[in-house]
Amino acid sequence: MSRIEDLITTDVDRAVETIRSGGLVAVPTETVYGLAADATDVEAVTRIFEIKGRPADHPLIVHVARPEDLDRWSDNPGDDARTLAATSWPGPLTIIVPRARELPDMVAGGRDTVGLRMPAHPTAIDLLARTGLPLAAPSANRFGGVSPTTAQHVVDDLGMLLEPGRDLILDGGPCRIGIESTIVDCTTSPPQVLRAGAVSADEVMTLLGTDVAAASGPARASGMLPSHYAPRCQIRLTDSGDDASALRAGTPHSEILDLTDDLATYARELYASLRDADARGVGTVIAVLPSANGLGHAIRDRLTKAAAPRPE
Ligand code: TXA
Ligand code: MG
């Protein structure tokens, strides 16, 4: 078998074994693929940071099998967090709560809080339930790049960094939502949305019956850095298809990305479209921004970060 055939599988039994032996498993979720390890295994978690090239102070999300696990892995999560877990899990919502002491410092980038999420993908839930372990999993891409929404994307980004026989890529098909989970910090009053996602701030407000603050302050989530989710091609943003066409006329090697007619499709195909543009050597993607409603917020956020000036 080639090294890639050795890495990719649909066999959850092998993935359970891999996690239990301290290996890493790229796992499908409804949002994006994550690079998972036993969150209580410091050595395995260290390898996640190394393989992603992620700075040690950027905390990982810990994935759990059941809404009740909120209380297991946090210390006094509070009513807002309990309400969100009970109403939105499994689903694309990460809840920041005070960290339980059993979770190592390094999972949380040294913070005394932790982000917990129960994903809504049958393969991920199966793996979580059968290992019986909390799984630390950031998106399965190199730090600062575009998140993977298929197993092939993970191969493209990390295939040469994972070790056949030690690690695995679990293929669960393309991700249904396509952009990362909404992050709500429930350690502040009112709770704060740190990253927009498929669960909108309005929905969070309705669920909690309280105001919710928009993200503010220093970059507490890496998704809050000005430049993130960046492909190799340049990204230019426009507000309409007409503006995009005009801009395209004056921009060599450019093409237009406009799925504003259907925001669910826009979110689901956004990262694959940017990866595909890179693969074809497109110089500039001219992306049409959706209006800022519901999922439109999250798509605008990712496009804006992909278009931001990048560090050298
Ligand atoms: O949809 C998702 O959330 C995917 C799938 C795999 O679950 N995961 C994901 O992980 O996007 P990652 O590591 O790429 O992004 C997690 C974000 C980072 O921006 C991190 O800074 C933030 O969550 N985060 C995690 N724990 C945090 C904490 N305790 N306080 C503040 N931000 C936190
Ligand atoms: Mg990420």
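Both ligands and their constituent atoms are indexed starting at 1 by order of listing. Here, residue 1 is the first one in the sequence, and each next residue gets the next number.
- R101 CZ: 12 or fewer foreign heavy atoms inside a 6.0 Å radius.
- The CZ atom of R236 sits 12.5 Å away from atom CD1 of I256, with the distance rounded to the nearest 0.5 Å.
- Residue G34 approaches ligand 1 through these ligand atoms, each under 4.0 Å from one of its heavy atoms: 6 (C).
- Taking the centre of each ring, F143 and H58 come in below the 6.0 Å mark.
- Among the atoms of E180, none of the N or O lies under 3.5 angstrom from an N or O of ligand 1.
- Of the N and O atoms on the side chains of T251 and T284, not one donor lies less than 3.5 Å from an acceptor on the other residue.
- S139 and N141 form a side-chain donor-acceptor contact under 3.5 Å, judged by distance and modelled atom types alone.
- Within the 4.0 Å heavy-atom criterion, the part of R111 lying near ligand 1 is the side chain and not the backbone.
- Under 4.0 Å from ligand 1, the heavy atoms of R54 that appear belong solely to its side chain.
- Looking at H63 next to ligand 1, an N or O pair under 3.5 Å apart turns up.
- More than 12 heavy atoms of other shown residues, nucleotides or ligands fall within 6.0 angstrom of atom CZ in R82.
- Proximity to S181 (heavy-atom distance under 4.0 Å) selects the following atoms of ligand 1: 1 (O), 2 (C), 3 (O).
- Residue T113 touches ligand 1 through backbone and side chain together, judged by heavy-atom distances below 4.0 Å.
- Of the candidates T31, L116, L135, V107, T31 brings a heavy atom nearest to atom 5 (C) of ligand 1.
- Heavy-atom neighbours of D13 CG from other residues, nucleotides or ligands within 6.0 Å: above the threshold of 12.
- Heavy atoms of R195 found under 4.0 angstrom from ligand 1 belong exclusively to the side chain.
- Taking 2.8 Å as the threshold, S139 counts as a candidate ligand of the Mg ion (ligand 2), since one of its N, O or S atoms lies below it.
- The closest heavy-atom contact to atom 10 (O) of ligand 1, among the options P28, P148, S139, comes from S139.
- Atom numbering of ligand 1 starts at 1 in the shown order; those under 4.0 Å from a heavy atom of P59 are 20 (C), 21 (O), 24 (N), 25 (C), 26 (N), 27 (C), 28 (C), 33 (C).
- Between the side chains of T94 and R195, no donor N or O sits under 3.5 Å from an acceptor N or O.
- Within the 4.0 Å heavy-atom criterion, the part of V114 lying near ligand 1 is the backbone and not the side chain.
- The distance from the CD1 atom of I61 to the OG1 atom of T31 is 8.0 Å, given to the nearest 0.5 Å.
- Below 4.0 Å from some heavy atom of I183 lie the following atoms of ligand 1, by number and element: 17 (C), 22 (C), 23 (O).
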